[in-house]
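To keep things clear, I will list the structure first and then write my remarks on it.
Because the structure is a prediction, the values reported are computed rather than measured.
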Amino acid sequence: MTKTRKFLVIAIALISVISAMGLTWALTSLRTYQSLYDSVETASHLMDSLEDFTLQAAYRLEPDFSYVSGTNLKDADLKQIQNTMLDNTAVGYDLLSRDPNFHYSVTGKDVALQSVEKPDTDSNSSYSVTFRFEDGKLKGSGSLLGYGFAPETSQSLRDSLEAGSGTALYSEETGKYTERSYEIPEDLRFHFPEDLTFTYSIPQQPVYSARSSSYLYNVLVDNNMSTIAAIAIFLLGLLLELIVLIRVPLQVEEHTSPWSLIARNSLEANAFLLVMLSLVAGTAFSLLAHLAQGGDLMSLGVAGGGKTGIVFARTVLFVSYIFIMYYCSLPLFWIREIFTRGPVTYIGERSRFLVDLQRYSVSLAKSALDRSLTFPVVLNLFFLLVIILTGSPGVAVVYGLILTAVLISLAIIVHKGWITVSREADQLANGDFKSEPQGDPTLFKPIYDRLLAVRRSFQKALQEGIESTNMRNELISNVSHDLKTPLTGLRSYSELLQLTDDPEQMRKYAGKISQYTSRLDSLVTDLFDVSKANAGSLPLEPVHLSLDQLIYQALEEAEENWKKKDLQAVISLQDAQVHLDPDKTMRIFENLFSNISKYALPSTRVFVDLKETPSSYVVSVKNTSAAPLNFTAEEITERFVRGDKSRHEVGSGLGLAIVKSFAEVQRGRFRIEIDGDLFRAIVILPKPEKLPEVPVSEQDETPVISEPQ
């Protein structure tokens, strides 16, 4: 490191240290003490705290005394009012009792309450008061009485009651919270025991304590002078740093850290960095000043005692302001660099936006020529012909300059495209398939497009893998949940069966076991059927059968359950001959009619229609739902989704999923339509002579099969 660079670093560091020392001194030592007369708001706030303390101190010595009275109030309301007042004034008592600047003595006939240090009522350097209550009025002497100290008519006590009168009250008898029902009367009065003597004193120049409350210290200390001095020291430090930066050659600063960071960055990067740095430095400066002046920072060293707390606070301030002052030299260097090089020159050379704009302009112009080589070839031949015919050296020179400019531009285009393609290839090689493509591939666009296609393929495969994992996890969770109920029932009734010798009970338990076994068998069967159908391995045994007769048979089997809900079937079927698997087709309508048995609104009609289209038969089953249909048509056909989300109805949640799978595996279609509370299931099955084509993938459009009106 050269001597100039050493001088730069040492000078800025020295200025930062001296400025930090001055700031720390100004914020922690330079302060004045204000009189209570200087601020009406300060005096009022302090008097409110003294009145809170008076009430709490009297209550601690005589808790059975009635401190409030008023007309039209029950004893319970008076008790609530007094408890509310005591709760709301506890903060003021806590602040003053823990404050080493507050000295108090409350004495009675047989009781006493006082601070470690006795109140000073004779010194002129303290605010003091000695009083007692006689005939319900305050009587006493002292300087604090002149500031509006009047606990027997305290507006702050009344305000605290009105603020807390609408809140809930905890009852120890019932263990519950109840709303307060009383209103604060206009003639509410505050009373205090007449056998107590109160003496308070506060020093006019309180001292800070890191171990106790600093309430009075913060109230009576004026920090205006320290703030003005801190700002002046800070600005003087910045001025000295700027002078040092101007005295050092710019080339030295550009190669010295941290100013070299600003020298390397673009205009936009420096603007962002320094704006953020200014915000952070300004916020830190203000926050540290506030904590130092308020005494909060000193409390961080409370574990080591008062002196340790002050030393700790000043150390934190000193070190923090060293860093703030040191790095404030960065924006000063940036300003110096801009005006040294000239604003126009600096912006033109260091603005990444302007540089890229020029580069992209050339690239776009040359890209237009690259798409058609006819024009440049013809232009080149024209210049060569002119040179040959004229034999002019000037024309040859102009041609050479133009050709050189074109070649340079093309080289820039090729280089830029190569960088873009290489970056994309490196990202793919490193397994980065999420980053957005950046840059213009120019002449390498075909290769770049193929790389982007590879990226999209990997992204799609990754997304499908994530979805597959999520579906598998959801499937395991749902299967576990639905298998738990019958398995729990089997275990429970098996244990009960072992514990009884009563034949009647044994038959009852055996019947329950049989029910749970059937339910478990049905669930497992449904699960295997859906899995096989989705995997395309479900065996089919199609035969010629009458679809309308099969629907009639399914209706007969559902008739008993429909009668329990007083459901009336409105049937409109026509002759329909199909070539389908009878078991799978029967299962479709069994599930649909079972779904109606569970979720249809009682005492309503169910419409079952069978109509013919040119290539298929359309079966429509329509009913009114008993519960709100708060799901979509797509959701209800998913596995383990039920119309009854509370799961009150027995079922696997696979019914409609099976309907959809069994219809599609037989080259049919299934869809749901929801209109308010109207639920309509539509099954479309192919005719034997013309089966609809199965789509290659889910993305292919499903052929629309018109329905007869």
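The environment of Asn124 atom CG is sparse: at most 12 non-hydrogen atoms of other residues, nucleotides or ligands sit within 6.0 angstrom.
For the side chain to side chain contact (heavy atoms under 4.5 Å, CB included) test, residues two or more places apart in sequence or in another chain that qualify with Phe272 are Met276. With sequence neighbours left out, the side chain to side chain contact (heavy atoms under 4.5 Å, CB included) criterion links Ser105 to Thr107, Gln114, Pro119, Thr199. With sequence neighbours excluded, the residues forming a ring-ring contact (aromatic ring centres under 6.0 Å, His included) with Phe149 are Phe131, listed by chain and number. For Leu601, the side chain to side chain contact (heavy atoms under 4.5 Å, CB included) test picks out Thr604, Thr624, Ala626, with sequence neighbours left out. Partners of Phe65 under the ring-ring contact (aromatic ring centres under 6.0 Å, His included) rule, at least two apart in sequence or in another chain, are Tyr67. Evaluation of the side-chain hydrogen bond (donor to acceptor under 3.5 Å, both in side chains) rule for Asp195 yields no partner, not counting sequence neighbours. Not counting sequence neighbours, the partners of Thr89 by the side-chain hydrogen bond (donor to acceptor under 3.5 Å, both in side chains) test are Gln56. For Tyr93, the ring-ring contact (aromatic ring centres under 6.0 Å, His included) partners two or more places apart in sequence, or in a different chain, are Phe53. Applying the side chain to side chain contact (heavy atoms under 4.5 Å, CB included) rule to Val319 yields the partners Thr315, Phe323; only residues at least two apart in sequence or on another chain are considered. Under the ring-ring contact (aromatic ring centres under 6.0 Å, His included) criterion, Trp25 pairs with no residue, sequence neighbours left out.
No donor-acceptor pair closer than 3.5 Å links the side chain of Asp677 to the backbone N or O of Ser625. Formation of a donor-acceptor pair under 3.5 Å by the Ser19 side chain with backbone atoms of Phe234 is not found in this model. A donor-acceptor contact shorter than 3.5 Å is absent between the side chain of Asp94 and the backbone of Ala90.
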* Apply side chain to side chain contact (heavy atoms under 4.5 Å, CB included) to Leu145 and Leu138, showing your working. => CA-CA 10 Å; Leu145 289 177; Leu138 174 68; 3.8 Å; yes
* **Test side chain to side chain contact (heavy atoms under 4.5 Å, CB included) applied to Leu216 and Leu46, step by step** => CA-CA 8 Å; Leu216 294 175; Leu46 180 57; 3.4 Å; yes
* Please report the C-alpha distance between Val68 and Met85 in whole Å, then the side-chain angles of each, then the deciding distance to 0.1 Å, and finally whether the side chain to side chain contact (heavy atoms under 4.5 Å, CB included) criterion is met. => CA-CA 9 Å; Val68 293; Met85 183 171 59; 3.5 Å; yes
* To do: Just do the side chain to side chain contact (heavy atoms under 4.5 Å, CB included) check on Asn623 and Leu678 with the steps written out, would you?
  => CA-CA 6 Å; Asn623 69 279; Leu678 186 64; over 6 Å; no
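Looking at Met47 and Leu144, their side chains come closer than 4.5 Å, going by heavy atoms from C-beta outward. A 4.5 Å side-chain heavy-atom check between Leu96 and Tyr104 finds every atom pair outside the cut-off. At least one side-chain heavy atom of Phe133 sits less than 4.5 Å from a side-chain heavy atom of Glu152. Residues Met325 and Glu241 are in side-chain contact: their nearest non-hydrogen atoms beyond the backbone lie under 4.5 Å apart. Counting heavy atoms from C-beta outward, Leu55 and Pro151 have side chains that stay 4.5 Å or more apart. Using a 4.5 Å heavy-atom threshold, the side chains of Leu50 and Phe102 count as touching. Under the 4.5 Å side-chain criterion, counting only non-hydrogen atoms from C-beta, Ser603 is not in contact with Lys565. With a 4.5 Å cut-off on side-chain heavy atoms, Cys328 and Leu238 count as touching.
For the 3.5 Å distance criterion, the side chains of His191 and Ser66 fail to qualify, holding no donor opposite an acceptor. At a cut-off of 3.5 Å, with distance as the only test, a side-chain donor of Thr54 or Tyr200 sits close to an acceptor on the other residue.
The CG atom of Leu236 lies 10.0 Å from the CD1 atom of Ile18; values are rounded to the nearest 0.5 Å. Separation of atoms CD (Gln205) and OG (Ser126) is listed at 10.5 Å; rounding is to 0.5 Å. Rounded to the nearest 0.5 Å, atoms CG (Leu113) and OG (Ser97) are 9.0 Å apart. If you take CG on Leu61 and CG on Asp110, they are separated by 11.0 Å, rounding to the nearest 0.5 Å. How far OG of Ser201 is from OH of Tyr127: 12.5 Å, rounded to the nearest 0.5 Å. The line from NZ of Lys622 to CZ of Arg680 is 6.0 Å long, rounded to the nearest 0.5 Å.
Residue pairs that meet the salt bridge (Lys or Arg N to Asp or Glu O under 4.0 Å) test with at least one member in residues 120-144, sequence neighbours left out, are Arg132-Glu134, Glu134-Lys139. Residues in residues 50-67 take part in no salt bridge (Lys or Arg N to Asp or Glu O under 4.0 Å) pair, two or more places apart or across chains.
Across all their heavy atoms, Ser597 and Asn561 have their closest contact at OG-CB, 3.6 Å.
Residues Phe192 and Phe190 keep their aromatic ring centres 6.0 Å or farther apart.
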